[in-house]
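Take a look at the structure below.
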Amino acid sequence: MTKHPRTLPVVNPRTGEPDYEIVAMDADAVAAEARRLRDAQTKWRALGIEGRADAMRGLADALERHADSVAAALEIDTGRRKLARSEVLGVIGSMRGWAALAPTLIDEPDWVQGRAKPNFKHQTELVPYQLVGVISPWNFPITLSFIDAIPAMMAGACALIKPSEVTPRFADALAPVITEAGMADRLSFVQGDGLTGAALIPNIDCVCFTGSVATGRKVALAAAENLIPANLELGGKDPLIVTASADMDAASTLALRASVLATGQACQSIERVYVPRNYYENFISQLTDKAKNISFNFPDISLGDIGPFIFYKQAAIVSGQIDAAKAHGATVLSGGTIERHGGGYWMAPTVIRDVTHDMDIMREETFGPVIPVMAYDTIEEAIALANDTVFGLSGAVFAGSVEEAKAIGQQIDAGAISLMDGALTGQYFEAPKQSFKASGLGGSRMGIEGFRRFFRQKAYIANTTCPLTMKDFSEG
Ligand code: NAD
């Protein structure tokens, strides 16, 4: 039976119209691509860390030469200009940053003399996975395709990336850049949807997945079936606790930015805010005033603060949560409705008061420009509310000092806490962190640990005297 290629339409977030398409790669095509990269891995690894660093610098230079075309494609994918450009520049910086670290990344360990049995000695070799698969989401498409792929490649693995079918244009724009840099036999993309993603897993040695909890569970199960490690970076419901000692003007400014940057479509966005009851009205009124000053980057993409929903289906999820909260007594002070402009779906920063923890808006991931604010009476209550979630991605505390904020942050059950600011894991990638609870699985993608995940330890054990004989183990 002839297999027909599956063509997937891609919607432009600013027009709401499908104006692009991809051909979803089937399982055979994914397997062939994986074999092609595997065939090149021995040579890639043999370059050594310095050789790979040079190649990575070459890729960064090629991407810099073509930054305009890649950013232009990413701009259409995401409906935003400045963030698209800064994503591309960020990936170039990350390639150069990892390359610069090369001399310090791998220690050649010496032989170690056995403690219990001194006639033995051992040496450890770090062996990279041959092929690392990356499955990325639509919210920061190029950043989250490369955040794991770059350290995996520096470790000596080849990388095969499956970008989101919602935002695939940037990957097509990148393909010639990768070829120009001479990297096409060690780094490539497979286009497609969840079926293509599922087809990737049996063909790789380690998966790095960024996306929703629901899909993350499927990926974890498939990885278990194939006995490969799964690094999962999933959703969040990040709390911000503001204390009575905080400057409410600064707190409301940061709450706004950390919630609505990128239209709230960031895993580390602040999705709920807890404020002392005595300061609640003051905080809410400052936040609402500031929220009303945020504008859309429409009709001119180069003006304004926030873009449309990248994925039109997300708009319905966000407005569904807002409507349900309103039906249970919450009050919307700004935004709150889906606006149609130019065919796209938009929402102005939405400040919501009188929320409770029996509303989805306080417990489920929203992934939109929504800031529900709840009053608390004691800091213990605020901490309990912050922890009343299945998620444990990150959180934030704004207090009178870093020390006071940290003491509260220590009681929040999440993998990273921003102190005296919010959503800092989207700005600073050097602090190792892991996702707690349902927000993920696996080692840290941040810091040097993000590199070490891509090795297995191989032991060489030497006997420095005579080989053991059966006599050594005989009963009599
Ligand atoms: P998603 O889970 O719908 O899709 C992510 C990727 O998985 C896509 O490429 C998709 O095609 C692929 N996929 C779908 N089904 C699959 C399957 N069965 N097997 C393999 N791959 C499959 O997520 P999304 O909607 O694209 O992204 C938004 C989500 O990502 C949010 O929940 C957000 O919090 C999360 N996210 C997390 C982080 C983090 O670092 N923790 C960062 C960004 C986004």
Side-chain angles (χ1 to χ4, degrees), residues 10-22 59-97 134 136-150 161-178 189 191 210-211 257-269 294-312 314-315 341-347 367-369 423 425-429:
V10 185
V11 173
N12 180 320
R14 295 183 73 81
T15 65
E17 295 294 327
D19 61 3
Y20 196 78
E21 58 182 35
I22 51 171
L59 181 58
D61 292 347
L63 183 50
E64 194 168 54
R65 285 193 295 279
H66 297 281
D68 289 346
S69 62
V70 176
L74 193 62
E75 176 179 314
I76 306 174
D77 275 332
T78 56
R80 54 200 191 199
R81 176 164 291 172
K82 194 167 181 181
L83 282 178
R85 185 143 198 107
S86 72
E87 270 200 78
V88 173
L89 297 181
V91 168
I92 294 169
S94 174
M95 289 171 176
R96 291 187 176 142
V134 174
S136 56
W138 47 257
N139 60 325
F140 282 93
I142 192 170
T143 305
L144 296 170
S145 291
F146 279 94
I147 193 166
D148 297 312
I150 298 168
I161 304 171
K162 211 269 326 149
S164 169
E165 66 277 23
V166 178
T167 51
R169 298 170 183 83
F170 82 94
D172 288 344
L174 258 173
V177 179
I178 292 169
F189 286 88
Q191 292 280 21
T210 307
R257 188 218 88 235
S259 303
V260 311
L261 182 66
T263 319
Q265 303 163 116
C267 58
Q268 76 284 354
S269 282
I294 298 294
S295 58
F296 296 139
N297 67 353
F298 183 88
D300 186 343
I301 195 171
S302 60
L303 298 174
D305 304 304
I306 58 172
F309 284 104
I310 295 172
F311 189 27
Y312 63 95
Q314 193 65 34
H341 300 291
Y345 292 76
W346 306 71
M347 183 178 277
F367 227 55
T425 52
Q427 309 296 325
Y428 184 79
F429 297 168

Quiz item: Is the backbone of His341 close enough, under 3.5 Å, to the side chain of Trp346 for a donor and an acceptor to pair up by distance?
Solution: yes
Quiz item: Between Pro308 and Tyr345, is any pair of side-chain heavy atoms under 4.5 Å apart?
Solution: no
Quiz item: Between Asp19 and Arg169, is there a side-chain N and carboxylate O pair less than 4.0 Å apart?
Solution: yes
Quiz item: Can you list every salt bridge (charged side-chain N to carboxylate O under 4.0 Å, His left out) pair that touches residues 138-147, not counting sequence neighbours?
Solution: none
Practice problem: Nearest 0.5 Å please: distance from the CZ atom of Phe140 over to the CG atom of Asp77. | Solution: 13.5 Å
Quiz item: If every non-hydrogen atom of Arg14 is compared with every non-hydrogen atom of Pro299, which pair is closest and at what distance?
Solution: NH2-O, 3.6 Å
Quiz item: Applying salt bridge (charged side-chain N to carboxylate O under 4.0 Å, His left out), which residue pairs with at least one partner in residues 87-97 are found, sequence neighbours left out?
Solution: Asp61-Arg96, Glu64-Arg96, Arg80-Glu87
Quiz item: Do side-chain atoms of Asn297 reach the backbone of Gly304 as a donor and acceptor pair under 3.5 angstrom?
Solution: no
Quiz item: Got a sec, which residues hit salt bridge (Lys or Arg N to Asp or Glu O under 4.0 Å) with Asp172, two or more places apart in sequence or on another chain?
Solution: none
Quiz prompt | Point-to-point distance, once rounded to the nearest 0.5 Å, from CG of Leu144 to SG of Cys267 | solution = 7.0 Å
Quiz item: Would you say Ser86's side chain and Leu83's backbone share a donor-acceptor pair under 3.5 angstrom?
Solution: yes
Exercise. Taking the side chain as every heavy atom from C-beta outward, state whether Ser164 and Phe311 have any atom pair closer than 4.5 Å.
Key: no
Practice problem: May I ask you to decide if Gln265's main-chain N or O and Thr263's side chain share a donor-acceptor pair within less than 3.5 Å? | Solution: no
